Amino acid sequence: RKEVEQDPGPFNVPEGATVAFNCTYSNSASQSFFWYRQDCRKEPKLLMSVYSSGNEDGRFTAQLNRASQYISLLIRDSKLSDSATYLCVAAGGSYIPTFGRGTSLIVHP
Amino acid sequence: DGGITQSPKYLFRKEGQNVTLSCEQNLNHDAMYWYRQDPGQGLRLIYYSQIVNDFQKGDIAEGYSVSREKKESFPLTVTSAQKNPTAFYLCASSIGGRGRDTQYFGPGTRLTVL
């Protein structure tokens with residue numbers, strides 16, 4: 001199966017910073033994309049879906065670039081509580097969702 | 001409350017023993033999945049089921065078995081043939097098995113084989 005790749009980090013940023021993660025996918029047939037958040041020793045939880053037109057939810061913005069086959073997640077005004085691992089997912093058609101390994105974010109005071 | 005549950009949260013077994021992990025959902029979802037996660041690694045698909053009485057192997061099915069006799073239940077058995085079973089096991093479900101549906105995860109089971 002095709003892969004989804006992410007920079008594992010960790011991204012170490014101060015509170016209030018803006019941070020961006022990218023995720024590349026190799027299956028051009030992928031149709032649906034998601035970002036999940038996973039706290040240490042917990043299950044992943046959906047953060048947001050990624051639409052072709054991009055979407056925003058408060059401090060979080062997700063973008064999709066089909067031509068270059070990557071999706072991005074932008075977090076503005078980082079909070080300590082944003083510290084977690086962010087998992088990128090690509091799926092579509094009959095394909096089972098493929099998860100990236102995750103990007104670790106550490107927000108410090 | 002609708003959701004997906006896994007039990008037990010922690011499980012310890014001796015090497016060579018089979019063990020069954022429970023996964024139940026009351027979300028009326030058709031599709032269910034089992035993943036394994038090792039420290040610092042992503043989720044790897046073990047088995048998935050898109051409908052009752054049907055299931056398919058994922059990327060790392062060797063040493064595992066499943067059943068899907070009821071829509072709400074998808075138990076995973078870790079057999080003695082699994083070479084390195086110590087890991088965090090996550091069960092998930094989605095409305096359909098078409099890939100584009102959001103997956104909802106249970107809290108996971110941490111299996112340690114001594």
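Only a predicted model underlies this, so the values are computations on that prediction, with no experimental measurement involved.
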Practice task
Treat each ILVMFWY residue as a node, draw an edge where side-chain heavy atoms are under 4.5 Å apart, and state whether A/V13 and A/W35 are in one component.
Solution key: yes
Notebook entry, point to check: Are A/I75 and A/F33 connected in the hydrophobic side-chain network, where two residues link if heavy atoms are under 4.5 Å apart?
Noted result: yes
Rounding to 0.5 Å, atoms CZ (A/F99) and OH (B/Y35) come to a distance of 4.5 Å
One should read off an interatomic distance between B/D38 CG and A/R101 CZ, to the nearest 0.5 angstrom, of 10.0 Å
Tell me whether the count of non-hydrogen atoms from other residues, nucleotides or ligands lying under 6.0 Å of [atom1] in [X] goes above 12.
X      : atom1 : result
A/K42  : NZ    : no
A/I106 : CD1   : yes
A/F21  : CZ    : yes

Whatever's closer than 4.5 Å to a heavy atom in chain B on A/Y36 counts as side chain
Okay, A/Q38 and chain B: the region with an atom under 4.5 Å from a heavy atom over there is side chain
Please give me the minimum heavy-atom distance between [X] and [Y], naming the atom from each residue.
X      : Y     : result
B/T102 : A/F34 : OG1-CE2, 3.7 Å
B/F88  : A/R41 : CZ-O, 4.3 Å
A/P97  : B/Y33 : CD-CE2, 4.4 Å

Residues passing the salt bridge (Lys or Arg N to Asp or Glu O under 4.0 Å) test with B/R110, sequence neighbours excluded, are none
Max heavy-atom pairs within cutoff under 4.5 Å with chain B, candidates A/P44, A/S104, A/P8, goes to A/P44
Okay, B/Q37 and chain A: the region with an atom under 4.5 Å from a heavy atom over there is side chain
Quick note, side chain to side chain donor-acceptor pair (under 3.5 Å) partners involving residues 6-18 of chain B, not counting sequence neighbours, are none
